[in-house]
Structures are given as C-alpha cells and as structure tokens.
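Chain letters run A, B, ... following the sequence lines, proteins first, then strands; residues in each count from 1.
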Protein chains: 2
Amino acid sequence: MEDVRNLFHVLNRRFSLLQKNGFREEGIDISLIHSHILFEIDKHTQPSMQQLADLLGIDITTFSRQIQTLVKANLVKKRAKQEDKRVYVLSLTQKGKQTADQIDTIINTHLERVFLKLNDFEKDTIIHSLKIVTKAMGEVRNGNMIKG
Amino acid sequence: MEDVRNLFHVLNRRFSLLQKNGFREEGIDISLIHSHILFEIDKHTQPSMQQLADLLGIDITTFSRQIQTLVKANLVKKRAKQEDKRVYVLSLTQKGKQTADQIDTIINTHLERVFLKLNDFEKDTIIHSLKIVTKAMGEVRNGNMIKG
DNA sequence: ATGCTTATCTTGCAAGATGCAATTATTAAC
DNA sequence: GTTAATAATTGCATCTTGCAAGATAAGCAT
C-alpha cells in the first residue's frame, strides 16, 4: 500500500506541471486556481458559490474574492437566483467560455502527447482505472458535493 | 480524450481533499505544501534546494522561505554541501521524520478506506495503471528533475 | 405578522505566500 | 586573476488565505 500514496502524489504533481507548462508555453496568463474555477463553472449548470467552493475545497471567503477577480476580468458572470436571492449563480461569459475552451485544448494536447507513449490497451485500461478510483474516492467522503 | 482531463482533474482534487480531511480529522496542523515538502525530502537522499523546488514546481525564492519556516519549526535540517558550498542539502530532523511518518500513516489509512470499496483485481489494475501513466507523464517533459 | 434560527455571500483585518529584481557567496571557465 | 555562471537569500510590492463579524434573505415556530 505504501507506494500508492507516492503514485497519487507524483501523478498529482505531474498533472499540475503539465497544466502550468501548457499555460506558459502558449502564453496564457492564468493561474491554476482560476483555470480550475472556469473548468468547474463550465462543467456544471448554474452552480452556486458555496457549491463550487466546496467542490474545489476552497474556503468560501477566498472563493468569493477569486470570483470577484474573475468577474472584473469579464470571464465569469454572477447573478442572483430568482427562487432564493441569497444564492448567486455562476456562469461563464463569452470570453470566459472562450478561455475555458482554449485551456481545454491546450491540456488535451499535452495529455495526448502523454498517451502517444502508450498502446490502445494500456490507454483503455488506464482510463477505466482512473474512473473506478476517482469514483471510489468520491464515495468515501462526499460532503455537500455536486456529482463530479 | 475529452473526459481524461476531467478524470485527472477530479482525481487530483479528491486526493487533495483526502489529505486535507485527514489532517483536519487527526488534528494535525500542517499545510499541504509543507506536507509535500516533508514527503519529498524524506523520499530523496540529500536533495538540494533547487532540486526540490523544481520537483515541486515552486519558485526557488518561495521555496527558500518555506524551508526557513520548516527549519524554524524544527522539522527540516539544512546544511551546506562539502563539495560545493553554494548548495544546501536538506534532510528531516527527528521531529520532521516523525511528522512525515504520521502523515504517511494518516493518508494511507484514508487510501485504504478507498480501496476497501474495490476488489483485488481492480486494486491491482489501478495501481498498475497509475504506475504506467505516471511514468509516461514524467517522460514527456522532465526538466531538471530527480527521478521520481 | 413577529421574532428566532439558519443559510448564503461579503468585507475587515492580519498573517502568510508569491515572484521579480537585486544581492551575496561560491565555483567554473578562460 | 578576471569574468561568467550557479545556488541561495533578501527587499519589496502584490496577491491569497481564513477567521470573525457583518449584511441580507429564507425558513420556521408561535
């Protein structure tokens, strides 16, 4: 069991570096955390602040200010929910969507470069395994998460 | 290919949460970044500042200050290398090693809880897959890394 | 309705993290 | 020996973080 932690750790770090390197190489000036926020907003429909903060494991106050920055940068739109005006619902602006897509392309390009080293069987096995383990990790502790 | 990014992303996040939750539940007061630094120092023999900073993808100036904090907390030891006195070699103090081991136990316990949900075949497949993909990701871009 | 409790989000503040530019100390190159 | 390169640190300005304390809205009891 002892090298499982190491595997996750290294994998984690390498994926982070893959993203950072991607941004740098393509001259995109965005932080990892902002990229993640755009990604999550894009993935879910009408997420609230609290939902996304929980999902990303960020303190709500920090998240609130990150969103303010993204709104100022015209990447994210925030509007009060009709049914419950305490809640703010997030969505991407056109520019935000465009940025999210651009980031997606970059990361996928880099991921493809990784998978080129592997044959189809390995590829399928890996994706299957990632799905299983990700699901299992979500089931152990799922506070108030949106299904991811 | 498009949900591979998502898989990595979610897996990444869930592993981060697993670590944070572990620390919180066990009442360990340590940040993720400090935990990672201890882990890496423990894993490598006589790593230099620059090596670890590169490995973790942290700016060397930030890393230098993180190490100062850890040295003050009596978790890390820093000594000049004999052959090259510009270089500082890092190691764990007794307390640092103890902390690293404690963290390791916590994370492994939580990981075991995840793997309980899976059968032996799935477990083996997943570990095998993680190894392959981690290796592949390391080979695509390996700047000046120590072998991980 | 009125008050009490809970939920969502925002700000004040103080502490910590970040990264560029400049500096120190050491080694390498010529 | 002078100059260049490398490893690490410090100054400084900026950003991030999270607790505590608000502001506002919704739910719920009486």
Distance check needed: [N] [atom2] versus [X] [atom1], whole Å only.
X: B:Asp29; N: D:dT17; atom1: CG; atom2: C1'; result: 14 Å
X: A:Ile58; N: C:dA17; atom1: CD1; atom2: P; result: 17 Å
X: A:Phe63; N: C:dT8; atom1: CZ; atom2: P; result: 14 Å

Closest to the [X] side chain: [options]?
X: A:Arg65; options: C:dT11, D:dA8, D:dA25; result: C:dT11
X: A:Arg86; options: C:dC9, C:dA25, D:dA26; result: D:dA26
X: A:Lys85; options: D:dA8, D:dA5, D:dA25; result: D:dA25

Determine: side-chain N/O of [X] to OP1/OP2 of [N], distance under 4.0 Å, yes or no.
X: A:Thr61; N: D:dG18; value: no
X: B:Gln66; N: C:dG16; value: no
X: B:Thr62; N: C:dG19; value: yes
X: A:Gln68; N: C:dC9; value: no

Legend entry - CZ-CD1 distance between A:Phe8 and B:Ile127, expressed to the nearest 0.5 angstrom: 8.5 Å
Inset, instruction - Specify the residue among A:Thr69 and B:Tyr88 whose closest nucleotide of DNA chain D lies further upstream toward the 5′ end. - result: B:Tyr88
Inset, instruction - Between A:Asp59 and A:Lys81, name the one whose nearest nucleotide on DNA chain D is closer to the 5' end. - result: A:Asp59
Legend entry - Residues B:Arg13, A:Glu40: salt bridge by 4.0 Å N-O rule: yes
Inset, instruction - Would you indicate whether B:Asp29, at its atom CG, is surrounded by more than 12 heavy atoms from other residues, nucleotides or ligands within a distance under 6.0 Å? - result: no
Inset, instruction - Would you kindly compare A:Val87 and B:Asp84 by the position of their nearest DNA chain C nucleotide and give the one closer to the 5′ end? - result: A:Val87
Inset, instruction - Give the intermediate values and the outcome of salt bridge (charged side-chain N to carboxylate O under 4.0 Å, His left out) for residues B:Lys123 and B:Asp120. - result: CA-CA 5 Å; B:Lys123 213 178 295 189; B:Asp120 284 349; 3.8 Å; yes
